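Heads up: the structure comes next, in structure tokens.
Order of the sequence lines sets the chain letters (A, B, ...), proteins ahead of strands, with each chain counted from 1. The shown structure was predicted, so the numbers you read here are calculated from the model rather than taken from an experiment.
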Amino acid sequence: MKRQTVRFTINGEARELAVYPNDLLLNVLRDQESLTGTKYGCGIGECGACTVQVDGAPTLSCLKLAVSVDGCKVVTIEGLAKGNQLDPVQEAFLDNSAVQCGFCTPGMVMMGRALLDEKPRPTEQEVRDHMRGSLCRCTGYASIVRAIMVAGEKAELS
Amino acid sequence: MFAEFDLEMPNSLDEAVLALARSDGIETLTLAGGSSLMVDIRARRVVPERLISLARINELRRIEILGPRITIGSRTTVSDILRSNQVAEHGAALAASAEVFAGQMVRNVATVAGNIACGSPAADLVPPLLSLDADVVLTNASGFRTVPLADYFTGFKQDVRRPDELITAISWDVPGAKCANRFYKLARRKGDAITVTGVAVTLGAANGVCTKARVALGAVAPIVMRARAAEAMLEGSTLTVELIEEASLKAAEECQPIDDIRASADYRRHAVHMLTRRLVAGAWADLHLATEVS
């Protein structure tokens, strides 16, 4: 296997990286870029802990070859806050105690952000449908769903 | 580190089929969304030496209607299907299956061709496509051929595709107004679960008579199958509660389910009976030829 050069942006910053054909985006983000907010959960696309956005679409980085994001815009959990200002979804997770062990949280927040970008005021059913690929084993779903709805409401008020 | 392989990323369909033709003896697999294949590679269920990624071939990602046919490019994602008014109109069962397909992130990458090519009898898009009499277009360096989806699978995870062929499109006749198409997925929970039994039904009618019946059954045989005896009982008749019950029982007889961790064979057979009855009655009602069935 030979390394290949990929060019893409991570959280708005242009990157040029040499990666192997079998390098997963997840491992490149965590090991080469030290962006460890994105979590390695199940590794088989069942849990959603590794969710990042690729060109705006929530994507499982554990099943995505790094070479395939050439030319794409990748956003990770580290890219949501603006300086010290948390994203409204992150704020709402804190305000609503939507975090227990926290392992699923980055993926959950990325999913919540993607939903609100597409649909600023989702119904509870829409939130639950959208979030069904993200698993929380502490089972904090009620507060996670509430947090995403509150983030939508607050964005509308401000 | 998991498996090692070489990766090629052709920029066009022509380049892709040429790359496939050059496989000579090298275990080569085609990679689309990766939601199934990457899992299999990581688990070492398959050990390819070479992967050909279709990520850059945008010409394979399209939904179009040309004359009487609707065609879906093979790299069209499940999310693309969900966003398509054309699929909603001309493939209601397919749209319904896309809605209950895994979770959002998988839907964003999983492709129509990948769902067919993985060969799983529980593949959710296959029963609807089978109920629509869809064809699969297979392309290699010297041309293409069209295979009815009903003839595509030859056994569990086995199909008629040759190693140098790529699934490039799936197409079917735009159903007329007198056609109804329904799907239901039964699983252990609503979200992100492998299908226990999936049933898709298409009915056509003229002058109060059922002129066409398709009953496609998922996850109850080595391949997604058609309940042909049940279809034959429905075609040519005016559907009544009794006839629908008989045909549904026939479908349950025809299937060959197994016991596994998700459900017993008996349960699956019962599910085929109930779902077929409900979907046929519902599709018949869609055609405004209502019949009372619970």
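Crowding of Y141(A) atom OH: a count of heavy atoms from other residues, nucleotides or ligands under 6.0 Å exceeding 12. Enclosure of atom NZ in K157(B) by more than 12 non-hydrogen atoms of other residues, nucleotides or ligands within 6.0 angstrom is indicated. Shown here is L82(B), whose CG atom has more than 12 heavy atoms of other residues, nucleotides or ligands within 6.0 Å. Within 6.0 Å of atom CZ in R188(B), 12 or fewer heavy atoms from other residues, nucleotides or ligands are found, so the atom counts as exposed in its surroundings. For E118(A), the CD atom is loosely surrounded, since the number of other residues' heavy atoms within 6.0 Å does not exceed 12.
The shortest non-hydrogen separation linking I44(A) to V39(B) is O-CG2, 3.5 Å. For the pair A57(A) and N108(B), the tightest heavy-atom approach, listed with the atom from each and the gap, is CB-ND2, 3.8 Å. Closest non-hydrogen pair, L7(B) versus P21(A), comes out as CB-CB, 3.7 Å.
In this structure, chain B has heavy atoms under 4.5 Å from both the backbone and the side chain of V67(A). Contacts of L65(A) with chain B are made by side-chain atoms alone, with heavy-atom separations under 4.5 Å and no backbone atom involved. Proximity to chain B (any heavy atom under 4.5 Å) is restricted, for T51(A), to the side chain, taken from C-beta onward. For a residue to count as touching a neighbouring chain, one of its non-hydrogen atoms must lie under 4.5 Å from one of that chain's; by this rule L37(B) does not touch chain A. Of the atoms belonging to R107(B), it is side-chain heavy atoms, and not backbone ones, that fall under 4.5 Å from chain A.
One finds the CG atom of L24(A) at 5.0 Å from the CZ atom of R42(B) (value rounded to the nearest 0.5 Å). Annotation: the span from Q4(A) atom CD to D6(B) atom CG amounts to 8.5 Å, rounded to 0.5 Å. Atoms OG and CE, from S134(A) and M105(B) in turn, are 3.5 Å apart once rounded to the nearest 0.5 Å.
Ranking M111(A), K64(A), R128(A) against chain B, the residue ahead of the rest is M111(A), based on heavy-atom pairs under 4.5 Å. No other option in G48(A), C62(A), G45(A) has as many heavy-atom pairs under 4.5 Å with chain B as C62(A).
A donor-acceptor pair under 3.5 Å is formed between the side chain of N22(A) and the backbone N or O of A3(B).
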